[in-house]
Amino acid sequence: MTTYTNPILDADWSDPDVLRVGDDFYLTASSFGRVPGLPLLHSRDLVNWTLVGHALDRLEPAAEFRTPRHDCGVWAPSLRHHADRFWIFWGDPDQGIFQINAPAIRGPWSRPHLLKAGKGLIDPCPLWDEETGEAYLVHAWAKSRSGIKNRLTGHRMDPDGTELLDEGKVIVDGDRIPGWFTLEGPKLYRHDGWFWIFAPAGGVETGWQGAFRSRGFFGPYEERIVLEQKDTDVNGPHQGGWVRTRSGEDWFVHFQQRGAYGRVVHLQPMCWGTDGWPVLGADGAPVAVHRRPALPPQPPAAPATDDHFPGGRHGRQWQWTANPREGWSTQHSADGLRLTCVRSADAHDLRRLPNVLTQRLPGRPATVEVGLRLDSDEPGARAGLAVLGDAFGWIGLQRGPDGSVHLVHRFAEPVAERERDAGHPRPAPEGRARLRIEITPGARCRFLYDVGDGWTPSGPVFAATPWRWVGALLGLFALAPTGQGHAGAATFTHFTVTPS
C-alpha cells in the first residue's frame, strides 16, 4: 500500500509523544491510574505500531494507588533520547513532575524521581540544547489542582535531569493571546536557530494545535495555529509530537477525542513553510488518507488485543485499575487466565475495584469474546466480562446461596452507587459460559452469552461511557463477598477481539 488511513491507532492512546532513534520510532502515552503505566510502542514506518512494554511497574506513592484513581496518575508524558538513554517525564496533577530513564526502550527503567513537587504541575517536556549544553523544562498547569491554567512555565534544568535550577517563569501566557484558552501539553524543540514549543489549546473536544517560537528559551514567543478541524470531521486535532525521519521527512502525531473510545492517534504530514513556520496536514487541516512516509515497507501490525493466556500469563495489553497485589492471578501449566475471587466490600461497584484487568475499547465495531469457568464454591462469588467507564455493564457467572451457578448481567449508571440487573439470571449448570460483547458504532454494546445451547442476547443495548479523561475499557474480574479464607478463582480462556 502506498497510503495510510487515519487514525493510525484506533483506541485510547491518549496524549501521544513520539521519538526516533536510528531507524526505530517509539511512542508513549498517558496511562492515568492504570498499572503498569507508560506504554511503550515501536514502529519502523510510523503507521504500524506494536506494544513492546511499559516503563512504569507501579504508580507512586504506592499507597495513593492501592485503590482506583481512574483520571489521576500519569498525565501527558514526554519521551526523549539523550546521552545514550531514553527519558520519560510526566506530570501527576496531585504529586508533581516525575522523571525516569533507561539505557534501552525495554529497560531496565529507573525508579520515578520527583523532579518538581506541587499540585497541578502537568505535561512536562525537557530539552537538552546540543549547541550550548544547557537543559530546559517546560510544563503546563491543571486549574483543578492549582487554580492556574492557560500558561506555560519554563525552567532551567540540570543536564543530568535530577533537579531544576530556578523557580520558573511564565514563558507563554495564553490569557494574553486573543481567543486562546486551555493552553497545555507543550512539546519543546530546537530548530533553525529557534526555540519551538508545540502546544494545543481550546480543549480536547474542539481545540487546535499551536506553535510558538522564540530566539531565547524564556521568550518572548510568537504564536500561530498550525492545525485545526476546518471542514473535516476530526474534532479537536491536537496534542502530540513532531518527529523527523532519517531522510529528513517531518511528521506530526496527535490525538482526536472520540467520547467512549478515548483519544485515538492520527499521523499528519508536516513541512516548514517559506516563512519558517511549520505546516501540518493539508495546509493546516487534518488528513484522512495520505501518502505513507518514505520508509521501508513493513507488514501490517497493531497493538495486540487477543490473548490465550499461555501458562496463566496475560499479555502486555492488559493493565490493572490500581497497583496489583500478590495473588490476584495464578500462573499454571495450562492455558487460561486464573483470577482469584478477591474478597471485597465493593463487589457491587466495579469502578471501585483495584483488581479489574483491563484493556482499551476498540475504536471500530468489533465482537469481543471470552470463555469463563467459575471455580469457586463461595456463595456470592462472581466473575465476568465488563465494559467499564463512568457507567459500567458486565455479564458473567455467580454462585448462588444454594450452590448453583447462574449467568448474570448487571449494569450501573454514572450516578448510581450500586449495580442492578440488566437481564434475568439464567442457570449455568456446568459453571461455564461463553461471553460476548458486540460493539457497534457509537460504542453501543450488546451483551450475549452461551451456556451450551447457543448465543442468546441479554438485556438492552448499553452505551459505553468514558471517565473524564479516560476512554471506556474492557475488563475481566473475579470477586467474592467479604469473609474469611480463600474464595476460589475463575478461569478465562480464548479472549478475542474480532473486527465486525
Side-chain angles (χ1 to χ4, degrees), residues 4-21 24-32 34 37-56 73-81 86-91 105 122-126 140 184-189 197-200 204 207-211 226-227 234-245 250-258 261-270 278 280-281 286-287 293 301-303 316-317 319 359-363 466 469-471:
Y4 69 90
T5 301
N6 277 317
I8 55 169
L9 289 167
D10 202 357
D12 187 25
W13 301 94
S14 179
D15 313 317
D17 194 23
V18 66
L19 169 74
R20 179 182 66 84
V21 178
D24 296 288
F25 299 91
Y26 301 102
L27 183 149
T28 192
S30 296
S31 50
F32 298 98
R34 302 193 301 279
L38 290 171
L40 302 169
L41 283 75
H42 171 255
S43 176
R44 299 297 294 269
D45 64 0
L46 288 170
V47 174
N48 295 285
W49 293 87
T50 57
L51 179 65
V52 297
H54 291 81
L56 192 61
V74 177
W75 284 22
S78 292
L79 175 62
R80 294 292 181 265
H81 191 259
F86 289 88
W87 303 75
I88 301 178
F89 289 67
W90 76 92
I105 196 69
I122 58 170
D123 308 350
C125 184
E184 57 188 354
K187 295 293 183 284
L188 181 60
Y189 308 96
I197 299 174
F198 284 47
V204 296
W208 58 88
Q209 179 66 38
V226 293
L227 186 69
V234 181
N235 60 296
H238 69 245
Q239 189 155 334
W242 161 40
V243 66
R244 173 168 285 177
T245 69
D250 294 308
W251 297 86
F252 185 76
V253 170
H254 67 91
F255 77 69
Q256 173 198 9
Q257 172 67 34
R258 291 190 59 221
Y261 300 113
R263 301 174 182 182
V264 303
V265 178
H266 292 239
L267 177 67
Q268 301 298 334
M270 175 176 156
L280 275 58
V287 300
R316 298 186 182 101
Q317 66 268 33
Q319 297 170 290
Q359 64 168 279
R360 293 159 179 82
L361 191 75
W469 309 125
V470 180

**Q.** Nearest atoms (heavy-atom pairs only) where S30 meets A76
**A.** OG-N, 2.7 Å

Q) Hey, does L27 have a side-chain heavy atom less than 4.5 Å from the side chain of S43? A) no

**Q.** L267/V265 under side-chain contact (heavy atoms from CB on, under 4.5 Å): CA gap, chis, key distance, verdict
**A.** CA-CA 7 Å; L267 177 67; V265 178; over 6 Å; no

Q) Does R258 reach the main-chain N or O of G363 with its side chain, forming a donor-acceptor pair under 3.5 Å? A) yes

Q. With a 4.5 Å heavy-atom cut-off, do L227 and P286 have their side chains touching?
A. yes

Q. Hey, does D12 have a side-chain heavy atom less than 4.5 Å from the side chain of F255?
A. no

Q) For the rings on H238 and H254, is their centre-to-centre separation under 6.0 Å? A) no

Q. Rounded to the nearest 0.5 Å, what separation is found between the CG atom of L41 and the CD1 atom of I8?
A. 9.5 Å

Q) What is the distance from atom CZ of R80 to atom OH of Y189, rounded to the nearest 0.5 Å? A) 4.5 Å

Q: Please name the residue in the list R360, Q239, Q257, R263 that meets the side-chain hydrogen bond (donor to acceptor under 3.5 Å, both in side chains) test with S14.
A: R263

**Q.** With I88, the side chain to side chain contact (heavy atoms under 4.5 Å, CB included) member among V74, L19, L40, L56
**A.** L40

Q.
Rounded at 0.5 Å granularity, tell me how far CZ in F86 sits from NE2 in H81.
A. 4.5 Å

Q: Determine the interplanar angle of the W251 and Y4 rings, folded into 0 to 90°, and report it as parallel if under 30°, tilted if 30 to 60°, perpendicular if over 60°.
A: perpendicular

Q: Start with the C-alpha gap between I105 and D24, add the side-chain angles, then the distance that decides, and say whether side-chain contact (heavy atoms from CB on, under 4.5 Å) holds.
A: CA-CA 11 Å; I105 196 69; D24 296 288; over 6 Å; no

Q) What are the two closest heavy atoms between V226 and L280, and how far apart are they? A) O-CB, 3.5 Å

(Q) Check for me whether the distance between the ring centres of W469 and F32 falls short of 6.0 Å. (A) no

Q. Closest heavy-atom contact between F198 and F252?
A. CD2-CE1, 3.7 Å

(Q) On a heavy-atom basis, which atom in C125 and which in S78 lie closest, and how many Å separate them? (A) CB-OG, 3.3 Å

Q) Could you go step by step and tell me if Q319 and H54 meet the side-chain contact (heavy atoms from CB on, under 4.5 Å) rule? A) CA-CA 10 Å; Q319 297 170 290; H54 291 81; 3.8 Å; yes

Q: Taking all heavy atoms of Q268 and all of V287, pick out the closest pair and write down the distance.
A: OE1-N, 2.9 Å

**Q.** CD-CD distance between Q317 and Q359, expressed to the nearest 0.5 angstrom
**A.** 5.0 Å

Q: Locate the shortest heavy-atom distance separating P237 from G207; write the atom from each residue and the value.
A: CD-O, 3.7 Å

Q.
Taking the side chain as everything from C-beta on, heavy atoms only, tell me whether M270 gets closer than 4.5 Å to V243.
A. no

Q) What is the distance from atom CG of L38 to atom CG of L79, rounded to the nearest 0.5 Å? A) 9.5 Å

Q) Do V470 and R34 come close enough that some side-chain heavy atom pair is under 4.5 Å? A) yes

Q. To the nearest 0.5 Å, how far apart are CH2 in W13 and OG1 in T28?
A. 9.0 Å

Q. Are any non-hydrogen side-chain atoms of L46 and V18 less than 4.5 angstrom apart?
A. yes

Q. Can you tell if the side chain of P77 reaches within under 4.5 Å of the side chain of D17, non-hydrogen atoms only?
A. no

